[in-house]
Amino acid sequence: MIGFLGLGRTLDRLKLGRLKDGLAKTRAQLGALLSGRRLDDAWFDDVETALLTADVGTVATGDLMAAIRTEVKARRLNDDSEPSALASVVSDCIEAALVPLVPPSPAPLTGPRVVMVAGVNGAGKTTSIGKLANAWKTDGQQVLMGAGDTFRAAAREQLIVWGERNGVDVISQAQGDPAAVAFDAVSAGLARKMDIVLVDTAGRLPTQLHLMEELKKVKRVMGKAIPEAPHEIWLVIDGGTGQNAITQVKAFDDALGLTGLVVTKLDGTAKGGVLLAMAKARPIPVWYIGVGEGIHDLQPFDAKAFAQALVGEI
């Protein structure tokens, strides 16, 4: 048993390979700087440029470069140092910068853990919910899903398909208020003694203030079924949207009080640096990352593995 959220799960060789494939664009840029170069100001400038190009952002890049310079000096690296030693410095500094995103251990509960999932259309929200349900069901958890995205008929149907595929019941209404669906799902999870209740919500932009108010209502109504619910409020973001992802996180966090992120589409098109920017701008735990379209391509976030995938083999 890996328990809720997949804590303690280690990435096997296949999953680590998929992660490296997903971050190949950034790794190629950084990897080219790790051999056959003098450790002069031009080298540090090129590393800084590579980080900025990878969506790390100016503030996080500045802090990361300061850490790299300090470690290069502390480890007494020079022009004759092995590329692996230099790669270790960059990887270790990236890992340290990602520590604020490492999820905490969840507090134990006597009833179902309610996970409310939000996100803009196109980020992969409903698909991620289906994959999470599959992972937890496979691990032996009793899972129930709520189709709270009533604004988009296809979302309800999509979640029902995921439910059938995973052998997980879905609470839904053909037409109805999303808050009512959320309340019914949480109530059913309590009555059926579920371990986890996953509630989908309608995709929306953070600038759509009336829809953000609807999300707040959904959150409040869940608390009427179980006082502490939702226990987790996660935002699904597209890892390929760069700095725009940070804008989304800030807006949803201000409105809902996020407890976690799921970062999707780190599958070769994204640069990956946005997580470093996030760790500096709004350090909300990253529970899962998506590195492909397959049902098992949603995997727990591992700061060390992520850093090594960005830099390459050490």
Side-chain angles (χ1 to χ4, degrees), residues 1-7 9 106 108-119 121 123-203 214-215 217-236 259-260 262 264 287-288 290 293-300:
M1 294 284 287
I2 59 173
F4 176 68
L5 308 182
L7 291 178
R9 182 189 300 177
L109 295 175
T110 55
R113 191 177 299 272
V114 179
V115 184
M116 175 182 174
V117 186
N121 285 326
K125 174 174 57 66
T126 303
T127 298
S128 294
I129 291 173
K131 291 179 179 180
L132 286 170
N134 174 270
W136 292 334
K137 177 68 180 297
T138 301
D139 185 51
Q141 306 291 318
Q142 296 297 314
V143 183
L144 182 71
M145 296 191 291
D149 188 351
T150 60
F151 291 105
R152 186 169 67 94
R156 170 181 168 272
E157 296 171 358
Q158 184 181 3
L159 204 64
I160 289 174
V161 170
W162 272 108
E164 293 172 348
R165 183 184 304 177
N166 296 332
V168 171
D169 287 343
V170 178
I171 303 298
S172 67
Q173 297 178 8
Q175 293 180 340
D177 179 68
V181 175
F183 179 83
D184 288 347
V186 176
S187 298
L190 182 62
R192 301 182 191 183
K193 295 180 170 37
M194 293 287 109
D195 295 312
I196 301 171
V197 178
L198 269 167
V199 181
D200 192 9
T201 61
E214 181 68 34
L215 271 185
K217 177 183 175 183
V218 171
K219 176 185 175 182
R220 290 195 303 270
V221 169
M222 288 184 192
K224 295 182 179 180
I226 297 178
E228 300 83 7
H231 307 96
E232 303 286 348
I233 304 174
W234 289 358
L235 181 69
V236 178
T259 66
V262 177
T264 65
W287 293 99
Y288 283 86
E293 296 296 327
I295 194 170
H296 301 298
D297 288 335
L298 193 67
Q299 51 191 254

Donor-acceptor contact below 3.5 Å, side chain [X] vs main chain [Y]:
X: His231; Y: Val114; value: yes
X: Thr259; Y: Ile233; value: yes
X: Lys137; Y: Gly167; value: yes
X: Asn134; Y: Lys131; value: no

SB check Lys217 Asp177 (cutoff 4.0 Å):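 Salt bridge flag = yes for Asp177 with Lys217.
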
salt_bridge(Lys125, Asp149) N-O dist < 4.0 Å: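 Salt bridge present between Lys125 and Asp149.
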
Could you pull out the closest heavy-atom pair between [X] and [Y], with the gap in Å?
X: Ala182; Y: Val218; result: CB-CG1, 3.7 Å
X: Arg113; Y: Pro108; result: NH2-CA, 4.1 Å
X: Glu214; Y: Ala179; result: OE2-N, 4.3 Å
X: Pro178; Y: Gly148; result: CB-O, 3.2 Å
X: Pro230; Y: Met222; result: CB-SD, 3.7 Å
X: Val186; Y: Ala225; result: CG1-CB, 3.6 Å

Please tell me if the side chains of [X] and [Y] come closer than 4.5 Å, counting only heavy atoms from C-beta onward.
X: Val197; Y: Val115; answer: no
X: Trp287; Y: Glu232; answer: yes
X: Pro112; Y: Ile226; answer: yes
X: Leu159; Y: Ser172; answer: no
X: Ile295; Y: Asn166; answer: yes
X: Leu144; Y: Arg192; answer: yes
X: Gln142; Y: Ile196; answer: no
X: Met116; Y: Trp234; answer: no

So if I apply the side-chain contact (heavy atoms from CB on, under 4.5 Å) rule between Ser128 and each of Val117, Thr264, Leu198, which one comes out positive?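 Of the listed residues Val117, Thr264, Leu198, the side-chain contact (heavy atoms from CB on, under 4.5 Å) partner of Ser128 is Thr264.
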
Enumerate the residue pairs fulfilling salt bridge (charged side-chain N to carboxylate O under 4.0 Å, His left out) with a member in residues 158-168, sequence neighbours excluded, ordered by first and then second residue.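 Sorted pair list comes back empty.
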
Qualifying salt bridge (charged side-chain N to carboxylate O under 4.0 Å, His left out) pairs with a residue from residues 178-187, counting only residues at least two apart or across chains: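 Checked against salt bridge (charged side-chain N to carboxylate O under 4.0 Å, His left out) - neighbours excluded - no pair reaches residues 178-187.
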
Between Val143 and Asp195, is a side chain to side chain contact (heavy atoms under 4.5 Å, CB included) present by the stated rule, with each step listed? CA-CA 6 Å; Val143 183; Asp195 295 312; over 6 Å; no

Separation of Leu132 CG from Tyr288 OH (nearest 0.5 Å):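 Rounded to the nearest 0.5 Å, the OH-CG separation comes out at 6.0 Å.
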
Rounded to the nearest 0.5 Å, what separates atom CZ in Arg220 from atom CG in Leu215?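 So the gap between those two atoms works out to 10.5 Å.
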
Could you go through Gln158 and Thr127, starting from their C-alpha distance and side-chain angles, then the distance that decides it, and tell me whether this counts as side-chain hydrogen bond (donor to acceptor under 3.5 Å, both in side chains)? CA-CA 8 Å; Gln158 184 181 3; Thr127 298; 3.0 Å; yes

Evaluate side chain to side chain contact (heavy atoms under 4.5 Å, CB included) for Met145 paired with Ile171, printing each intermediate quantity in order. CA-CA 6 Å; Met145 296 191 291; Ile171 303 298; over 6 Å; no

